Amino acid sequence: MAINGIKGFNDILPGEVGKWRHVEDTARRVFGIYGFSEIRVPVLEKTELFARSIGDATDIVEKEMYSFTDKGGNGVTLRPEGTAGVIRSFIEHKLHVADSVAKLYYMGPMFRYERPQKGRYRQFHQIGVEVAGVTDPKIDAQVLTMLCQFFAELGLTEPRLQINSLGCHECRPAYREKLKDFLQARLEDLCDDCRRRYLTNPLRALDCKAAGCREATAAAPSVLDHLCPGCEDHFSRTRAYLEAAGTEYEINPRMVRGLDYYTRTTFELVTGMLGSQSAVAAGGRYDRLIEELGGPPLPGIGFAMGVERVVLLLGDADFGVRPDLFIAFHGEAAGNEAFRLMCRLQRLGASVEMDYEGKSLKSQMRRADKLGARHTLILGEEEMAKGVAAIKVMDSGAQQEVELDADRIMTVLASGTAAGEAGEEKR
Ligand code: HAM
């Protein structure tokens, strides 16, 4: 019996990979414009790193981590998110010594034991960024503007930016108590999860989707009315810088993040196009995390997007690679010549395909079509005898004669619509 993959762990098949690469390449390009460098950290870390950073009382740490004891008896976890590992690495390698501002990005798989559904998987991929060392809200606006530019460059206008401030260790405790007082009289109306979290994480009730919780918290005190002067100033300057940058946003005072390390600015890019999984990207400031993990007292801010969700938003757009040329042939001698030409052209850098098995000319042309070849060339006895063949531009139907010589063919491929360049996108 065949062995299938694990539920919630997806294969990304060749037909989809073009879209993934387009997303990754766009991120690298846009993040590069803003001065970010790539960092690659392991997928496996000590379990306590996530417990300490994300928070013991969060859904992720309580119930979603892939944790196990390795053969040496160490408690380890497959990373459920990227921030903790990147900050661990930042501290371990003292990156702040070389440069007082670190602007880092990363991409790769994350693991959470969640109930799989559209847009929610157990292995999923994030592209994320982290900035360490800047307190001024200019960086909040830069990070958000960069995120919006990334989506705009993908041609996606749908996800909307929502921002909030969760205050800091000085003002949030008082707000939390106020909210608890408010919720106490309404505990009966909250869902089981929110009732359970009432003591440890009461803010979660504010963004719970359960109808009872929505109703019960409709008149709840707003965190934005309880910010200390420092947080209030940070939030208003963040908004002013966003406006200066021309970045559109909405304020959502009910936005609460599912990870404990956030302070001040938090944000999500939300869409109505993915059913109940509305957040395509999310993040915020974490001004105490670096110190709490044993590093210097430096502030931080970052976000991560779910690549599967971005790819879903891109829909049917085709980013597959089109071969520059498909050589079709009839007859054995022509097949050998086609093979020889293909090899030379490939060595010169053209992406060339042919049928390896000697199928009928009709089926060869069907394959050229299916692959989206930019040009086709048909080789038979007559072409072999004359030493020339017709090369056809598939998009326009235009034809021209060319000598059966790799350099001559290269020139034709490189002119007109022929890119002569592997990696061009199908659109
Ligand atoms: P997060 O909100 O847990 O934040 O995840 C960020 C994004 O990852 C989500 O908005 C969503 O697009 C995607 N995502 C999360 N879980 C899944 C899943 N099970 N399946 C598919 N996609 C998912 C963080 O992870 C923070 N580390 C973000 C951050 C970086 N904050 C500061 N720096």
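Just so you know, ligand 1 is whichever comes first in the structure, and atom 1 is the first atom listed for that ligand. The first residue of the sequence shown is numbered 1, and numbering continues consecutively from there. Here the structure is a predicted model, which is why all the values come from computation and not from measurement.
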(Q) For F9 and Y121, I'd like to know if the aromatic rings sit close, meaning centre-to-centre distance below 6.0 Å. (A) no
Q: Could you find the nearest protein heavy atom to atom 19 (N) of ligand 1 and give me its residue, atom name and distance?
A: E114 OE2, 2.7 Å
(Q) Can you name the atoms of ligand 1, numbered from 1 with element, that are less than 4.0 Å from a heavy atom of A304? (A) 6 (C), 7 (C), 28 (C), 29 (C), 30 (C)
Q) With the threshold set at 4.0 Å, does a side-chain nitrogen-carboxylate oxygen contact exist between R195 and D192? A) yes
Q.
Heavy-atom distances under 4.0 Å decide this one: backbone, side chain, both or neither, for R120 against ligand 1?
A. both
Q: Would you please say whether a donor-acceptor pair under 3.5 Å links the side chains of Q126 and Y106?
A: no
Q) Applying a 4.0 Å heavy-atom criterion (strictly less than), which segment of Q126 is in contact with ligand 1: side chain, backbone, both, or neither? A) side chain
Q: Begin from the C-alpha positions of L166 and R172 and carry the test side chain to side chain contact (heavy atoms under 4.5 Å, CB included) through to its verdict.
A: CA-CA 7 Å; L166 289 181; R172 200 183 321 161; 4.1 Å; yes
**Q.** Protein heavy atom at shortest distance from atom 10 (O) of ligand 1
**A.** A279 O, 3.4 Å
Q. So, Y105 versus F36, ring centres under 6.0 angstrom or not?
A. no
Q: Answer yes when E38 and R28 have at least one side-chain N-carboxylate O distance shorter than 4.0 Å, and no when they do not.
A: yes
(Q) Students should be able to answer this: which protein heavy-atom is nearest to atom 23 (C) of ligand 1, and at what distance? (A) F124 CD1, 3.4 Å
Q.
Quick test: of every protein heavy atom, which one is nearest to atom 11 (C) of ligand 1, and how far off is it to 0.1 Å?
A. R309 NH1, 3.4 Å
Q: May I ask you to list the atoms of ligand 1 that are less than 4.0 angstrom from any heavy atom of L259?
A: 3 (O), 4 (O)
(Q) If you take the nearest heavy atom of each of F303, Y261, Y286, which one is closest to atom 26 (C) of ligand 1? (A) Y261
Q. Who's closest to atom 31 (N) of ligand 1 heavy-atom-wise, of Y262, Y113, F267?
A. Y262
(Q) Check contact between R257 and ligand 1, using heavy atoms of the residue and a distance below 4.0 angstrom. (A) yes
Q.
Please list the nearest protein heavy atom to atom 21 (C) of ligand 1 with its residue and the distance rounded to 0.1 Å.
A. G119 O, 3.2 Å
Q. Which heavy atom of the protein is the closest neighbour of atom 3 (O) of ligand 1, given with residue, atom name and distance?
A. R112 NH2, 2.8 Å
Q) Of all heavy-atom pairs between Q364 and I327, which one has the smallest distance, and what is that distance? A) OE1-O, 4.2 Å
(Q) Looking at R285 and D140, is there a salt bridge between them, counting it only when a charged N and a carboxylate O are closer than 4.0 Å? (A) yes
(Q) Between D59 and R197, does any NZ, NE, NH1 or NH2 come within less than 4.0 Å of an OD or OE carboxylate oxygen? (A) yes
(Q) Return the closest protein heavy atom for atom 27 (N) of ligand 1 as residue, atom name and distance. (A) E81 OE1, 2.5 Å
(Q) If we set the cut-off at 4.0 Å for heavy atoms, which region of I301 has an atom near ligand 1: side chain, backbone, both, or neither? (A) neither
Q) Is any NZ, NE, NH1 or NH2 atom of the basic residue among E114 and R122 found under 4.0 Å from an Asp or Glu carboxylate oxygen of the other? A) no
Q: Please state whether A281 comes within less than 4.0 angstrom of ligand 1, counting heavy atoms only.
A: yes
Q: Check if E130 has a non-hydrogen atom at a distance under 4.0 Å from any atom of ligand 1.
A: yes
